[in-house]
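To start, the structure under review is shown below, and the notes come after it.
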Protein chains: 2
Amino acid sequence: MAPRKTNPEFMTGVPELLILRLLSDREMYGYELVQAIEAATGEAIKVGEGVVYPILHALEEQGCLTSKRKPVNGRTRVYYTATAAGKKRLGALVSEWQRITDAVSGLVKGAKHARA
Amino acid sequence: MAPRKTNPEFMTGVPELLILRLLSDREMYGYELVQAIEAATGEAIKVGEGVVYPILHALEEQGCLTSKRKPVNGRTRVYYTATAAGKKRLGALVSEWQRITDAVSGLVKGAKHARA
DNA sequence: GTATATACCTTGAACTGCAAGGTATGGAGA
DNA sequence: TCTCCATACCTTGCAGTTCAAGGTATATAC
């Protein structure tokens, strides 16, 4: 039925939130994040590299992340960590996430509405 | 900071979900839905008419809604109701919603990840 | 008679995630 | 050796969604 399907339901902003959350705990590199998100959500959420790398670059440019290049086994890894600004942004995103999900869940479970 | 801001965080698919939810209980018209969503979510979520009308037309075309025109005080209202297909689609969206929100909330509250 | 609320609708811009493809190294297997 | 796969970085084009703004029209209030 659905002719194609990009921008899947309910995913806008979620990758950015998850990336900031993970990088607040410890430094990670892009390829690692792709697998960490899949693992940490129990396969529920999967994002490709085409999603992760642009977000990393944008967040770094905004000062939310810092990067550090490390050569490992001949390959180069770029490790990212959340800055203070990044953690502040994470807090704002979490608040917004709570606000939206509370509102939607309340209505879905059927409660207060229909009060003519 | 944020240069503009369309497609705000975490809103993709939410209007469609809320509309199907409300129209599963009782028939409503577009303008009414705009206000009902605002009221039912305690002002947390507001959608404009430019969001609601296109969704109503698309859902009707897909057979998820049926419409009925009623003249009221000289104005014409178009009432929509969810069909069986619409309720089925609502069920699918709710499942997806649970899947995503459970995964994100689990990670945000900090639990299983970081298990090196 | 002018403004506001109701009620429908469309258009253009902006943003986002996704698939697909492109480069390059190291190790495993035939 | 030669090929394939996993690692690791990156970019581009498409598609889909929300939003602000504007456009039409009627009834009511001032």
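Order of the sequence lines fixes the chain letters, A, B, ..., with proteins taken first and strands second; residue numbering starts at 1 for each chain.
The residue A/G30 sits close only to the backbone: its heavy atoms come under 4.0 Å of sugar-phosphate atoms, none of a base. Across all strands shown, A/V72 has no heavy atoms under 4.0 Å from either base or sugar-phosphate atoms.
For the pair A/E61 CD and D/dC10 P, the interatomic distance rounds to 13 Å; values are reported in whole Å. Between the C1' atom of D/dA8 and the NZ atom of A/K70 lies a distance of 15 Å, rounded to the nearest Å. Distance, A/F10 CZ to D/dT17 P: 11 Å, rounded to whole Å. Between the P atom of D/dT7 and the CE atom of A/M28 lies a distance of 14 Å, rounded to the nearest Å. In this structure, A/I45 atom CD1 and C/dG17 atom C1' are separated by 13 Å, rounded to whole Å. At whole-Å resolution of the value, CD in A/E9 and P in D/dA15 are 18 Å apart. Atom pair B/E38:CD and D/dC19:P shows a separation of 12 Å (rounding to whole Å applied). Between the CD atom of A/E32 and the P atom of D/dA6 there is a distance of 18 Å, rounded to whole Å.
For the side chain to side chain contact (heavy atoms under 4.5 Å, CB included) test, residues two or more places apart in sequence or in another chain that qualify with A/T76 are A/R69. The salt bridge (charged side-chain N to carboxylate O under 4.0 Å, His left out) search around A/K88 returns none, not counting sequence neighbours.
Taking each heavy atom of A/E27 and A/K70 in turn, the nearest pair found is OE2-NZ, 2.9 Å.
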For residues 52-63 of chain B, which side-chain donor-acceptor pairs fall under 3.5 Å, sequence neighbours excluded?
unit_1	atom_1	unit_2	atom_2	d
B/Y53	OH	B/Y31	N	3.4
B/H57	ND1	B/Y53	O	3.3
B/E60	OE2	B/S67	OG	2.6

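Within the structure, ring-ring contact (aromatic ring centres under 6.0 Å, His included) contacts touching residues 72-91 of chain A (residues at least two apart or in different chains) are A/Y29-A/Y79. Here salt bridge (charged side-chain N to carboxylate O under 4.0 Å, His left out) pairs that include residues 11-20 of chain B, with residues two or more places apart or in two chains, are B/E16-B/R89.
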Can you check nucleotides 22-28 of chain D for protein contacts, nitrogen or oxygen pairs under 3.5 Å, and list what you find?
unit_1	atom_1	unit_2	atom_2	d
D/dT26	O2	B/R75	NE	3.3

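Ionic pairing of B/R26 and B/E32 is present here: one or more N-O contacts between side-chain nitrogen and carboxylate oxygen are shorter than 4.0 angstrom.
The side chain of A/H57 contributes an N or O atom lying less than 4.0 Å from OP1 or OP2 of D/dT11. For the OP1/OP2 pair of C/dA7 and a distance below 4.0 Å, the side-chain nitrogens and oxygens of B/Y29 include at least one atom meeting the criterion. Phosphate contact (OP1/OP2 of C/dT10, side-chain N/O of B/Y53, threshold under 4.0 Å): absent.
Checking C/dG17, C/dC18, D/dT7 against the side-chain heavy atoms of A/Y31 singles out D/dT7 as nearest. For A/V47, the listed nucleotide lying nearest its side chain is C/dC18; candidates were D/dC19, C/dC18, D/dC10. Among the nucleotides C/dG17, D/dT18, D/dT7, the one closest to the side chain of A/V51 is C/dG17.
Sequence order on DNA chain C of the closest nucleotides to B/R77 and A/K46 puts B/R77 first from the 5' end.
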